[in-house]
Amino acid sequence: MARRPLIAGNWKMNGLKKDGRALAAGLAKLMKKEKKPAFEMLVCPPYPLIDRVVEAVKGSGIKVGGQDSHTAVSGAHTGDVSPAMLADLGCKYVILGHSERRTDHGEKDALVKAKAEAAIAAGLKVIVCVGETLAQREKGQTIAVNRRQVRGSLPDGADAKNTVIAYEPVWAIGTGLTATPEQAQEVHAEIRATLAGLIGGEADKMRILYGGSMKPGNAGELMAQPDIDGGLIGGAALKVEDFWGIAKSC
Ligand code: 13P
């Protein structure tokens, strides 16, 4: 099953106006020169930068996404942003259930699922994140944790067009420690098997991204694994050369 790799940059809480514009414009310039990109490229800036990043990537084929969105379309939810607002700005995707949201904001699987269903209803594609902590890995709970998170967070009606899964081992995020290609592949294959139990044949078409200290130097061997269909990239997504280098290793 040929799945088109998705190279997604999660900028997290980084970048002022000038940084966002420069990063987006630098990537757009490279992308415009690419005749037939072997990958789909996505950047997910913090909310205040979305509008200008959408402007800066216009005509390049690069898509823009949010890093979180609410379950409601509008209402009394101070500080939150709805999926309809992201779609209105020109976003095509939203990242949901990132481990930093699970930790910083206590997000649980049921909330991630509800957010994902609301985002899909608003016309967005969702990137649902799962991943074990170091303590869970050391206790031999890796497979069980990822299975539970996939089962609990996958939106009803998920298909390969509206949903992407990102496996991000928490111990590999921003630490410089990367899962080996074999470690990552083992979990990706388990996630795909779990998906098959939930959505049948659609699981074969659904993209599963790896995230956690992905760089130009390790992206090629990770993405060469049969069940790794791209990357969700943090630190290395903040530099044009690094992010582009990762994309080109598809
Ligand atoms: P790093 O690439 O900085 O490890 O971050 C990964 C991540 O959390 C992407 O969502």
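Ligands are counted one by one from 1 in listed order, and the atoms in each one are counted from 1 as well. From a predicted model like this one, the values you see are computed outputs, not experimental measurements.
- Between the side chains of Gln185 and Asp227, a donor-acceptor pair is found at a separation under 3.5 Å.
- With a 4.5 Å cut-off on side-chain heavy atoms, Glu100 and Gln67 do not count as touching.
- Between the choices Glu168, Met214, Lys215, the shortest heavy-atom distance to atom 9 (C) of ligand 1 belongs to Glu168.
- Ring orientation note: the planes of His70 and His77 are tilted relative to one another, at an angle of 30° to 60°.
- Both the backbone and the side chain of Leu232 come within 4.0 Å of ligand 1, counting heavy atoms alone.
- Near Gly174, meaning under 4.0 Å from one of its heavy atoms, ligand 1 places the atoms 1 (P), 3 (O), 4 (O).
- At the top of the distance list for atom 2 (O) of ligand 1, counting protein heavy atoms only, stands Gly234 N, 2.9 Å.
- The shortest heavy-atom contact between Asp229 and Arg3 is OD1-NE, 2.9 Å.
- Looking at Ala172 against ligand 1, only its backbone comes within 4.0 Å, counting heavy atoms.
- Remark: Asp159 CG to Lys161 NZ distance equals 6.5 Å, nearest 0.5 Å.
- Polar contact check, Gly212 against ligand 1: no nitrogen or oxygen pair lies under 3.5 Å apart.
- With hydrogens left out, the protein atom closest to atom 5 (O) of ligand 1 is Lys12 NZ, 3.3 Å, a heavy atom.
- Remark: the backbone N or O of Ser213 is paired with a side-chain donor or acceptor of Asn218 at under 3.5 angstrom.
- Of the polar atoms of Ser213, at least one N or O is found under 3.5 Å from an N or O of ligand 1, judged by distance alone.
- The protein heavy atom nearest to atom 3 (O) of ligand 1 is Gly235 N, 2.8 Å.
- Each of Glu107, His105, Glu168 was evaluated against His98; a single residue qualifies, Glu168, per the side-chain hydrogen bond (donor to acceptor under 3.5 Å, both in side chains) test.
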